Amino acid sequence: MADAFRIKVCGLSTRQSMQAALEAGATMIGLNFFPKSPRYVGLSDAANLARLAAGDATVVALVVDADDARLHEIHRAVKPDMWQFHGSETPERVAEVQARYALPVMKVLGIASAEDLSAVGRYAGVADRVLLDAKPPKDAAYPGGHGQPFDWSLLRALPPEQPFILAGGLTPENVGGAIAAVRRLGVALGGVDVASGVESAPGVKDVEKIKAFVENARTAV
């Protein structure tokens, strides 16, 4: 598997699910700090989970329009390796937080139409990584993890040299096909991300699904 390709399991909240992701070979793990999400994890539990992953996978702290005080709390308690901004954070906010913590920032952009891809250019020169996810349903309580893909053919509009991580509706069953299909578009797919696709219920991770997802993604790469 190419070193640059990332396999991210997001929304982990138990020791068992964390160990499953690490043992399977996930390269990034996501801890969700958005209180409205079914994958929300408190600071104490998150700190314990981050220690399990230290040195084995990149620990990503997912936040949604978090203010300075909240970022400070998370940084002090959890010591993440990367921030994931999943709200309406501007490029200026991304740059500000990068400078303050000397940590990379991954910006998530919701995609439903070719027009939505125009935002990629605003962040490409600022964010360390761009993650493209399905735009959430209107009035959704949280911005990601709804288990729905977007139309991958839209990705043809991306500059071929623009790397991104793909999310939205990925499962153990379709991740291999997704990787192959998106690569055929001639774009720079740099990784895949899963949350609801490896759950038995919202926020409840399934160990066997985690293992299958990572294994199938690794095989496809």
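On a predicted model such as this, the values are computed, not experimentally measured, just so you know. Residues take their numbers from the sequence shown, with the count starting at 1.
- Between Ala61 and Phe33 the shortest heavy-atom distance is CB-CE1, 3.7 Å.
- Side-chain atoms of Asp128 never come within 3.5 Å of backbone atoms of Met106 as a donor-acceptor pair (strictly under, hydrogens ignored).
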As a quick check of understanding, evaluate side chain to side chain contact (heavy atoms under 4.5 Å, CB included) for Val120 and Phe164, giving each step before the final call.
CA-CA 9 Å; Val120 174; Phe164 65 95; over 6 Å; no
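- When hydrophobic clusters are built by joining Ile, Leu, Val, Met, Phe, Trp and Tyr residues whose side-chain heavy atoms come closer than 4.5 Å, directly or via intermediates, Trp83 is not grouped with Leu131.
- Distance check, rounded to the nearest 0.5 Å: CG of Leu154 to CD of Glu115 gives 11.5 Å.
- Between Ile29 and Lys8 there is no side-chain heavy-atom pair separated by less than 4.5 Å.
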Apply side-chain hydrogen bond (donor to acceptor under 3.5 Å, both in side chains) to Asn32 and Ser37, showing your working.
CA-CA 8 Å; Asn32 190 320; Ser37 171; 3.2 Å; yes
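- For the atom pair CG of Leu155 and CD1 of Ile111, the computed distance is 7.5 Å after rounding to the nearest 0.5 Å.
- Hydrophobic clustering, with ILVMFWY side chains joined whenever heavy atoms are under 4.5 angstrom apart, keeps Val60 apart from Leu103.
- Remark: the Lys135 side chain and the Gln148 side chain contain no N/O donor-acceptor pair separated by less than 3.5 Å.
- The hydrophobic clustering, which links ILVMFWY residues whose side-chain heavy atoms are closer than 4.5 Å, places Ile179 and Phe150 together.
- With Lys205 contributing its side chain and Cys10 its backbone, the two residues share a donor-acceptor pair below 3.5 Å.
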Before giving the answer on side chain to side chain contact (heavy atoms under 4.5 Å, CB included), spell out for Lys209 and Val194 the whole-Å C-alpha distance, their side-chain angles and the decisive distance to 0.1 Å.
CA-CA 11 Å; Lys209 289 183 179 181; Val194 68; over 6 Å; no
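- For the atom pair NE2 of His86 and CG of Leu109, the computed distance is 9.5 Å after rounding to the nearest 0.5 Å.
- Using modelled atom types, no side-chain atom of Lys211 and backbone atom of Asp206 make a donor-acceptor pair closer than 3.5 Å.
- In summary, of the residues considered (Asp116, Asp193, Leu117, Ile165), a side-chain contact (heavy atoms from CB on, under 4.5 Å) with Leu132 occurs for Leu117 alone.
- For the pair Lys107 and Tyr123, the cation sits on the ring face: its NZ or CZ lies under 6.0 Å from the ring centre, inside 45° of the axis.
- Arg70 CZ: more than 12 foreign heavy atoms inside a 6.0 Å radius.
- Between Arg218 and Glu215 there is no salt bridge, since no side-chain nitrogen of the basic residue lies less than 4.0 Å from a carboxylate oxygen of the acidic one.
- A continuous path of ILVMFWY side-chain contacts below 4.5 Å connects Val214 to Leu170, so both sit in one hydrophobic cluster.
- The distance from the CG atom of Leu52 to the OG1 atom of Thr14 is 10.0 Å, given to the nearest 0.5 Å.
- Interatomic distance, CD1 of Ile210 versus CG of Leu22, reported as 9.5 Å (0.5 Å rounding).
- In the hydrophobic clustering of this structure, Val175 groups with Leu185; members are Ile, Leu, Val, Met, Phe, Trp, Tyr whose side-chain heavy atoms approach within less than 4.5 Å, directly or through other members.
- The local environment of CD in Gln16 is sparse, with at most 12 non-hydrogen atoms from other residues, nucleotides or ligands closer than 6.0 Å.
- Counting non-hydrogen atoms of neighbouring residues, nucleotides and ligands closer than 6.0 angstrom, the CD atom of Glu161 exceeds 12 such neighbours.
- Remark: the Asp65 side chain and the Ser88 side chain contain an N/O donor-acceptor pair separated by less than 3.5 Å.
- A distance-only check finds a donor-acceptor pair linking the side chain of Thr27 to the backbone of Ile7 [under 3.5 Å].
- Gln162 places no side-chain N or O within donor-acceptor distance of the main-chain N or O of Val187, the cut-off being under 3.5 Å.
- A distance-only check finds no donor-acceptor pair linking the side chain of Asp81 to the backbone of Thr58 [under 3.5 Å].
- With hydrogens and angles disregarded, a donor-acceptor distance shorter than 3.5 Å links the side chain of Asn174 to the backbone of Thr171.
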